[in-house]
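Report on one structure; see the data block that follows.
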Amino acid sequence: MSGKSLDNRRVQKFHWMSRFLSGWAIFRQSFLGKIGLTLLALFALMALCSFIPPLVDPMYQPMAGVDPEISTVTGPSTRHWLGTDFMGRDLLSQLLAGARVAFMVGVSAAFMSVFLGTAIGMIAGYMGKFADTLLMRLADIIMVMPALVVLLMLAALFGQLSIWFIVFFIALFRWPGVSRVIRAQTLSLKHRPFIEAARVAGASHLRIIFRHITPNVLPLSFLYMTFQVTSAIIIEAALAFLGFGDPRTISWGMMLQWVWKTGHMFNAPYWLLPPGICISLITLSFYMLGRAMDEVLDPRLRKEGQTD
Amino acid sequence: MALLEVEDLTIGYQSQRGFLKAVEGVSFSLDKGRSLGFVGESGCGKTTLGMALMRLLPPNGRIREGRILFDGQDLLEKTDEEMRQVRWQKMAMIFQTAMNALNPVHRVNDQIAEAILTHNPSLGKQVAYKQVEGLSRLVGLSKHRLRDYPHQYSGGMKQRAIIAMALACQPKLIIADEPTTALDVIVQDQILEEIKNIQKEFDISIIFISHDISIVADVSHDIGIMYAGQLVEYGAREEVFESPMHPYTKALLSSYPTLTGEKAQLMPIPGEAPDLIHPPSGCRFFDRCAGARASCRTNPLVWLEITPTHKVFCYQCGRQCGR
Amino acid sequence: MGNGKQTILELDRIVKRYRTKGFFFGAHGQDVIALNEVFIKILRGEIFGLVGESGSGKTTAGRLIVRLEQPDQGKIYLDGRDITGLKGKASKDYSRRVQMIFQDPYQSLNPLLSVFDTISEPLIIHKIGNAEAREDSVWQAMKSVGLSPPHDFAHRYPHQLSGGQRQRVAIAHAMVLKPEFVVADEPTSMLDASMSAQIFNILLEMRRRLKVTFLFITHSLAAARYLCDRIAVMYKGNLMEIGPAEEVLRNPKHPYTQALMDALPKFVHSGGVKRYETLLQAEREVSGYVGCPFFVRCKVARAPKCSREKPPLKKLDDSHSVACFYAEPGIKTRSGGKA
């Protein structure tokens, strides 16, 4: 008999696979989604490549490596494909390292904020009454606070912030939006007959939350993650550009800050443009990915003639 | 001449798995002032048929074959613009979800008056509002409630308002798709009475679509039974009820509980309806039919006329009659 | 009927109100009374029908019994024990004995759980048996609702099933705990006729084999006649008439029940169904909830008495009671004289 249980588990896995595949089929019909995914693949490749330059020559170390023969800004050459900055550091390796940091900051901050937002939204929606009021007012308070200004004040107070502190802080400021959506979804699920059927069957609150509600809100959480990544990257870039980034890591925002600070804003396009374009494109690609996922999850957004 | 003549209509939907033939080879005709009811279970194509007659199929739906002659004109050859003129002016539809068809932010009388004015702009505003009052009396809506908003109406009143709107341009044909499904029995009864009265008074033709055979029988002169996209039996309601021929009709009739007579065991129809993307050859009811023989699969089905007004689409019935 | 039989469930003068929200600043809205002092005794092993239109409170009664909601007044007894305040383990034990089948099978199954997982869920919740025993119970439950061979269905998901199949899964989900009492809330209103007949027969079979008691909630008089031993007719939260199904439907005494009979589609139900011609009145003006709830539309009602006083349930004979001042025992009633 246990064979059948194993069988059941396998079928379950298969079911998730087939859900994924049918979602993928819709995703593929979305033009935006395809562009977004291609761009993201390129950035991911960049992030992976960022491990190579330091191995080739310590000169290409993005932060510490300085070309011994160059001590000023230079344009692209065969030795430095994108040129060097004012200290003779290789711009390409900086750009590659920036991709890694952007992914790290974006994904981890988004993950944390979505995790917080989902948990809080589900608790508020499911428990209702006092907990709901309390948590949602808290969300309101945080939502009206300008995250960037608060971060600037903190940076001014405590000096240089480490990159992980920044990530943590972005997450802390970005969960309310997610929690509102998840709360609404939980509220609508809570009164669906299948939840009531579980209650009638004697299921505990924990069981209802984990077995019946969580799996039904998770797709929405994932969707929000892509949008959260976008905003996390922008906040980090803005902070770094204003000079409150973590000085031990390199990010695109920081590269822009150096261009600005050393006064090469308008005479070294090979230095200014790559990080600027990268920031725009990576946020755009995550956004397009999110839009395409939105279409997968919400049939109303699909164009006519598309079927599932 | 018949008001509406449908010949060999085949309608389908393009889906990812293939072309789904929702309606296949349906032919019927409807005279002026008569009413025709289509009965069938969900997925039998009755709603698709109604939508196709109005040319209101969803984007992935297509009319593959056949002709729809309405008032002497072929509806399938009309452009979208011409069709818009035909709809409402000559034919109107009362939908299944009609209650949601009222605009929540306008007063009911404004909405009905607008329906009149859009199709008859030469009428003055005052004349239109006068007509609204007349219509409301006809469908049993209180004059004093006309200036209300839809959310102040009960389900039955909304349905009456919708019927008034459908009547606004004095159509020749009304297609009513499950107009009373969401209503309580008493309200349903009143609405059905209303529909019958209106039909008599204006000599309108009605196509009535429902899954509930008792409701259809109440308002229709003729009844068509549909199964898996095909018409399987067609006839005057007395004939269909008193001497049903097709095994599906018989099974359908005996699966309804009754209020009178002996309490008989209900006979559910075993199995499920066939897949319409790959329909079986021969009779579609074969798998669920108690009287099916192997020959039902192979022999081509033909319509068998039992009386001039009663015909059936079944091979076995033909054999039993010795033809 | 039923004098020798034991009561399994009793609703004792149950009142349930819903508060409607008023406008912003305005005084808060009127309470809607969903159930007004409803008193019902359901006997062990019977199928009891609760018949009424939407808004009659019939679904609320079912939800109170399975404790999805709490009554504002009154008590509910199962086997003589009050269950209105149960908590924790007692509440969980109660859910083993009393289950519910929901109206809409498209909504009552979790779309992410397979048929097998859905049906085994209650067994896991109540920690019944080991994995193997649970599997056996699931197969059995599936067979008993006609999902056979079970292996063909066990690994399907709700969206791969027809409406009738879904409802059978929902029934198996309710029956797998072997409850004594099941509330069936319009289990066939979303299904086609041929499917409804299957569901009816499954319920009858369950009652025969497992001796389950059912509360069958429906708006269809014909379905109530087919399934039920006794029925109660409800209107706006009030019990209007209660008695053996056959008796109530053949010889309805309350003007409201008669109006329901009159509203049946004429052609099919013409033979043998008496017409009571209880033409419903345009609504009369009344204030508050004092009088007979049906007064506003009743043809028989007389002004001072019916509008001021709520008629109590009056026993016409052993088993047939009617809440109408003018109902008399025997065939002839004031309203239905000239049928």
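Quick note on labels: first sequence line is chain A, next is B, and so on, each numbered from 1.
Not a single donor-acceptor pair under 3.5 Å links the side chain of D189(B) to the backbone N or O of P265(C). The closest donor-acceptor contact from the side chain of R225(C) to the backbone of P257(B) lies at 3.5 Å or more, if one exists at all. Remark: the backbone N or O of A193(C) is not paired with any side-chain donor or acceptor of Y256(B) at under 3.5 angstrom.
Note: H219(C) NE2 to D184(B) CG = 8.0 Å, rounded to the nearest 0.5 Å. Residue L264(C) holds its CG atom at 11.0 Å from OG1 of T258(B), rounded to the nearest 0.5 Å. In this structure, L266(B) CG and S194(C) OG are separated by 11.5 Å, a value rounded to the nearest 0.5 Å.
The minimum heavy-atom distance linking H211(B) with D192(C) is given by the pair CB-OD1, 4.3 Å. Considering all non-hydrogen atoms of both residues, Q198(C) and P270(B) come closest at NE2-CA, 4.1 Å.
With a 4.5 angstrom heavy-atom cutoff, I269(B) touches chain C via backbone and side-chain atoms both. Using a 4.5 Å cut-off between heavy atoms, Q188(B) contacts chain C through its side chain alone, with no backbone atom that close.
Below 4.5 Å, heavy atoms of chain C meet heavy atoms from E41(B), S42(B), all part of residues 39-46 of chain B.
Taking 4.5 Å as the limit, every side-chain heavy atom of N201(C) sits out of range of all side-chain heavy atoms of M267(B). Using a 4.5 Å heavy-atom threshold, the side chains of Q265(B) and F200(C) count as separate.
Within a 6.0 Å radius of NE2 in H151(B), more than 12 heavy atoms belonging to other residues, nucleotides or ligands are found.
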